[in-house]
Structures are given as C-alpha cells and as structure tokens.
There are 2 protein chains.
Amino acid sequence: MGVRATIKINVNDNIYLRDPEQTQLGKKIISKSIDLIDELGFEDFTFKKLANQISSTEASIYRYFENKHNLLVYLLVWYWSWLEYQIDYQTNNIEDTEKQLKIAIRIIAESLSSHSESHFPHINEAALHRIVVSESSKTYYTKSVDDENKFGFFHSYKSLCKKVANMIKAYNSDYPYAHALTSTMLESAHQQIFFSQHLPSLTELKCTDSETSEIIHYLDQLIFRQIKK
Amino acid sequence: MGVRATIKINVNDNIYLRDPEQTQLGKKIISKSIDLIDELGFEDFTFKKLANQISSTEASIYRYFENKHNLLVYLLVWYWSWLEYQIDYQTNNIEDTEKQLKIAIRIIAESLSSHSESHFPHINEAALHRIVVSESSKTYYTKSVDDENKFGFFHSYKSLCKKVANMIKAYNSDYPYAHALTSTMLESAHQQIFFSQHLPSLTELKCTDSETSEIIHYLDQLIFRQIKK
DNA sequence: TTTATTTTAATAGTAAAACTATTATTCTAA
DNA sequence: TTAGAATAATAGTTTTACTATTAAAATAAA
C-alpha cells in the first residue's frame, strides 16, 4: 500500500476540559467509552461504569469531560470530521460532480466496520458507527443546543453538510434546497439502518454491516431524483 | 359549525399502569407533563417536578406510569393516533391519490397550534407539537426498543407510516420504497423544523408555527419527485 | 346507616447517578 | 533533591429514579 501518513482528527477544544488525545488515561477514556456506550446505550452508560472498566475513578474522567453528554459530542464530532476527511480524500482530483456525490453518499452510508483496516488503533470503528446510528441525534435534541452551537459543538456536522450541499449546487445550481436535502439524506442514512434492524415495518431496506448496496441505492435515488437537471 | 362528535384517542394499555384518561389526577398528569416537558426538555423533566406542579406526589404519578420514558411514549402514541385520525377524516371521499397524499403531508407538517380551535381541552396541542419535534426520536433510540416494539409501543407510528405508504403505492405501484420514503419524510418533517430553528445552516427552510408553506412545499417535492410515474 | 372492601394517593424511605471539594501522588525542571 | 505543577484518587453531597408501606377516600354490602 505504500506510504501511509498519520491522520490526526482535531476536535474543538470547547468540548473537553483536557484533551484526551494527550494522555494515556485520556485515550483509554475514549477507547473504552465507545465500547461501553455501544454495549449499554447512552442512557445506561455512566462515568462510574467507565471508570471501573479502565481501573480509574469517576472524578478522573470528570477532569477530561464536564459530563457524559460532552463525551458523546466528542465522539460524534470526531466521527463527522473523519467522514469529511474521507470524502475530501476520495473525491480529490475527480471532476465529475455526479461521481463526487456518489462517492460521498457511499462513504456516509457505509459502516466503517466494512473497511478492512482500521486507521486508529484505539478507536473501534464498527462500534462508533453503531453509536452514530443510535445515539447521534441525542447530541442536538437538547435544551442547550443553542448555547452548544455557539461553542462550536456542531461545526463538524455543519461543515460536512455544507461540503455535500456544495456538490449538489455544483451539479445543479437551480436546486434551491441543497442543505435541506443533504441534512435529510444524512439523517435518513442512519435512521433507515436503525429502522431496518429494529422497526422493519418502517422500511423496505435490509441493512447489515456487510450489505450496504441497498441503502446506498436508496440514498442515490433520493438525491438524484430531487436534483435532476 | 354544526354537530361535533367527541373524539377519544385510544392508547395501547401496555404503555400505562393506570389509564390516565379515567381519573382527574390522570388528566392533570397528561396535561401538565406536556407543558413541563415542553418547558424543561425531556432530560430535565422529572416526576418530582411534575408532582409539585399538580400538587401531588411522585409516588402517585408512578401509579400511572412505570417511568418518565413511558409517559413520553404515551404522549407520542396519542399524537400519532390523532394525526392518523385527521388524515382519515380529511381524505375521506377523496378519490385522487395525489390529492390524498398532499392532504396527508399538510397535516403531518402543520403545527397543530395553527388550528384555531383545540379538540381536547386538557391537551396543549402547540406544546405537544414542539415535543414531537424535539423529543420523539428518544422514544425509539433506546436499548429496549425491541422489547417495547413487542408490547406495541410503536404501533400507532407504524400504522401512520403504513397509511401514507399505501397512498404512495396507490399513486405509483412500481415505486419499491414506499415505507422507507414515508419514514424518511415523516422524520424529515420534524427534523427540518428543528434545524430551521436551532441549526439553520443545515437547511434553507424557514419554519415557524404560522409559516408552514415552505416545509409543505419541500416535503411535497421530496415525495413526488421520487414517485413520479 | 353502618361497616367491609376496594380503590386511590401520600409518607417515608432506598439505591444509584451526577457531580465536586479536597487530598495525595507523580512528574518535571530548576 | 526538591519545589512547583500536573494529574489522579478519596470521600464526600445532591439529585434522580424508584418502591414498600401506610393512610385516606370512595364504593358496595349488610
């Protein structure tokens, strides 16, 4: 595969109290919180349980994150940034905006678990993708969303949305709802996976970690039938 | 306006321990919980605070609902049932499936607050609509979703989805994703309102309680461009 | 009308979760 | 080697979620 650069995803420092990437304990907090939120769900996940898992204490985790909500935001911000990086990387040097859009949709819909090699040793990408599917909307459906938005908690998600919306505008500058359609598609990508697995009468799609062609086809159609020239 | 029948929305009795419609205290629990969840958000809402508001006790509320999650489910089930009733009522005797679909979309997108008269004296329909926008997804993004699905917690939502999906199939029987498109549209209807008000860079739409024509137009286009014959 | 019986609600808790003030330890650099 | 800074652990408090038990009110039977 040749030379591989080290990728570092930078997360807005308003989200944490101490940068978890800078210490061993911090990395263990991130790594184990992904496993534990995936296992228990966000509601049953507590700093106490996480502390037990990493043989540390609640108070030590509180020195990194103000509360478990901000830890979840951290994980999501990291995920959206990583997604945007991949879209940048894989659409580089591709002129055709239709091809660009299809690449972006594939990256968004595909479970990271399907990748053969992990880019980050302490991140369980399959578990993180399941967290994105089941927990991501909890980051913004709160009473503090406006304050957190001011602190940049949603910058990476908005940036990702803007990138895809710009592809749509480049494809068809007459379509007036590029951002609305992108956010609809982004949310639908995860919702439909969840529905397929838990409330299957809400969707015809059959989504598994390995079988992603159907959801990709659905999202392709959702986008291109809207923006057809 | 002539004769008006009394409408009673029936909620699956697995969701509550005691039917709140049957007692004065029960009705106060429903009425005040809508106001309080709207005001505080679901995370900061507690049975203790609700008990204070209605001059009762936590333990008394626990005799009606096992926990606050089930109370939220109750409110949402009530809402989806009421929505489906309205769609039934307003599409009755209309043959044209395109017209039927447009009526359904309008009812789904429109804030109930825009109605001039309330059908249920103890239900603040404007507040309930805001709860639907901000809190509804929390009813199913849980680890217990499969168990709750077996108990029929999502029956009314699935039934609403099926009704609209059947309209889509009647309009164009060749479209293969009627349910997926309907659930995408249903979720988008509330998401886009939330984004418009809190994360406006994610959407071009401008949604307010009184101004609903733009979201209706967006959803109309989302559906009909997909299913065009 | 009085007394059982049942229904309904309040009292008074416990257990766990969320969070914090303070102390102890480890690391770094003079 | 030791002072100062950085980091983590101890030991709490407060709040939330939930429940066992008791009390009161309503209804029905005698």
Side-chain angles (χ1 to χ4, degrees), chain A residues 13-33 36-37 39-75 122 135 138-139 142-144 147-148, chain B residues 13-33 36-37 39-75 122 135 138-139 141-144 147-148 151:
Chain A
D13 62 10
N14 286 317
I15 294 163
Y16 50 75
L17 297 172
R18 188 181 305 276
D19 185 357
E21 287 296 327
Q22 298 300 316
T23 66
Q24 275 305 108
L25 182 64
K27 280 183 201 155
K28 274 167 83 178
I29 288 171
I30 298 306
S31 175
K32 210 65 197 172
S33 69
L36 212 54
I37 292 172
E39 184 191 334
L40 304 174
F42 186 64
E43 281 70 28
D44 290 344
F45 166 83
T46 69
F47 279 1
K48 181 118 204 162
K49 290 171 187 170
L50 176 58
N52 286 339
Q53 289 279 326
I54 61 178
S55 302
S56 180
T57 63
E58 248 184 304
S60 300
I61 299 167
Y62 273 103
R63 299 190 65 87
Y64 287 83
F65 293 99
E66 218 175 301
N67 48 52
K68 70 175 186 173
H69 173 79
N70 286 22
L71 171 51
L72 181 65
V73 171
Y74 181 95
L75 299 179
H122 63 296
E135 319 288 357
K138 294 170 190 171
T139 60
T142 65
K143 280 287 168 184
S144 49
D147 290 331
E148 292 176 2
Chain B
D13 61 10
N14 286 317
I15 294 163
Y16 50 75
L17 298 172
R18 188 182 304 279
D19 184 358
E21 286 296 325
Q22 297 299 316
T23 66
Q24 275 305 110
L25 182 63
K27 280 181 202 157
K28 273 166 84 178
I29 289 170
I30 297 307
S31 175
K32 210 65 197 173
S33 69
L36 212 54
I37 293 172
E39 184 191 333
L40 303 174
F42 186 63
E43 281 71 28
D44 289 344
F45 167 83
T46 68
F47 278 1
K48 181 118 204 160
K49 290 172 186 170
L50 176 57
N52 285 340
Q53 289 280 325
I54 60 177
S55 302
S56 180
T57 63
E58 248 183 304
S60 300
I61 299 166
Y62 274 104
R63 299 192 65 87
Y64 287 82
F65 293 99
E66 218 175 302
N67 48 52
K68 70 174 185 174
H69 173 78
N70 286 22
L71 172 51
L72 181 65
V73 171
Y74 180 95
L75 298 180
H122 62 296
E135 319 289 356
K138 294 169 191 171
T139 59
Y141 284 136
T142 66
K143 281 286 168 184
S144 49
D147 289 332
E148 292 176 3
F151 282 115

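Order of the sequence lines fixes the chain letters, A, B, ..., with proteins taken first and strands second; residue numbering starts at 1 for each chain. Since the model is a prediction, treat every value here as computed from it, not as a measurement. In what follows, every heavy atom counts, from backbone to side chain, and hydrogens, waters and symmetry copies are set aside.
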Is the phosphate of [N] approached by [X] (side-chain N or O, under 4.0 Å from OP1 or OP2)?
{"X": "Lys48(A)", "N": "dA18(C)", "result": "no"}
{"X": "Ser56(A)", "N": "dA9(D)", "result": "yes"}
{"X": "Tyr64(B)", "N": "dT8(C)", "result": "no"}
{"X": "Thr46(B)", "N": "dT16(D)", "result": "no"}
{"X": "Ser60(B)", "N": "dA9(C)", "result": "no"}

[X] [atom1] - [N] [atom2] separation (whole Å):
{"X": "Phe47(B)", "N": "dT19(D)", "atom1": "CZ", "atom2": "C1'", "value": "14 Å"}
{"X": "Lys68(B)", "N": "dT15(D)", "atom1": "NZ", "atom2": "P", "value": "16 Å"}
{"X": "Asn52(B)", "N": "dT15(D)", "atom1": "CG", "atom2": "P", "value": "13 Å"}
{"X": "Arg18(A)", "N": "dC27(C)", "atom1": "CZ", "atom2": "C1'", "value": "13 Å"}
{"X": "Leu17(A)", "N": "dA6(D)", "atom1": "CG", "atom2": "P", "value": "15 Å"}
{"X": "Gln22(A)", "N": "dC27(C)", "atom1": "CD", "atom2": "P", "value": "17 Å"}
{"X": "Leu25(B)", "N": "dT7(C)", "atom1": "CG", "atom2": "P", "value": "17 Å"}
{"X": "Tyr62(B)", "N": "dT14(C)", "atom1": "OH", "atom2": "P", "value": "17 Å"}

- Note on the structure: Residue pair Ala59(A)/Asp44(A) against DNA chain C: nearer the 5' end by closest nucleotide is Asp44(A)

- Does one side chain, of Tyr62(B) or Thr57(B), offer a donor that lies under 3.5 Å from an acceptor on the other?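 No - no donor-acceptor pair under 3.5 Å links their side chains.
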
- Are side-chain N/O atoms of Thr23(B) and Tyr64(B) paired as donor and acceptor at under 3.5 Å?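 Result is yes, a qualifying pair exists.
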
- Within a reach of under 6.0 Å around NZ of Lys143(B), are more than 12 heavy atoms found that belong to other residues, nucleotides or ligands? yes

- Message: Taking any heavy-atom pair under 4.0 Å as a contact, classify Arg63(B): base, sugar-phosphate, or nothing.
- Response: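 Touches a base.
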
- Below 3.5 Å, does any donor atom in the side chain of Glu58(B) face an acceptor in the base of dC18(D), or the other way round?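 Donor-acceptor pair under 3.5 Å: yes.
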
- Message: Please evaluate residues His69(B) and Glu43(A) with respect to the criterion side chain to side chain donor-acceptor pair (under 3.5 Å), reporting the C-alpha separation (whole Å), side-chain torsions for both, the decisive distance (0.1 Å), and the verdict.
- Response: CA-CA 11 Å; His69(B) 173 78; Glu43(A) 281 70 28; over 6 Å; no

- Query: Is Lys138(A) close enough and on-axis enough to Tyr141(B), meaning under 6.0 Å and within 45°, for cation-pi?
  - Reply: no

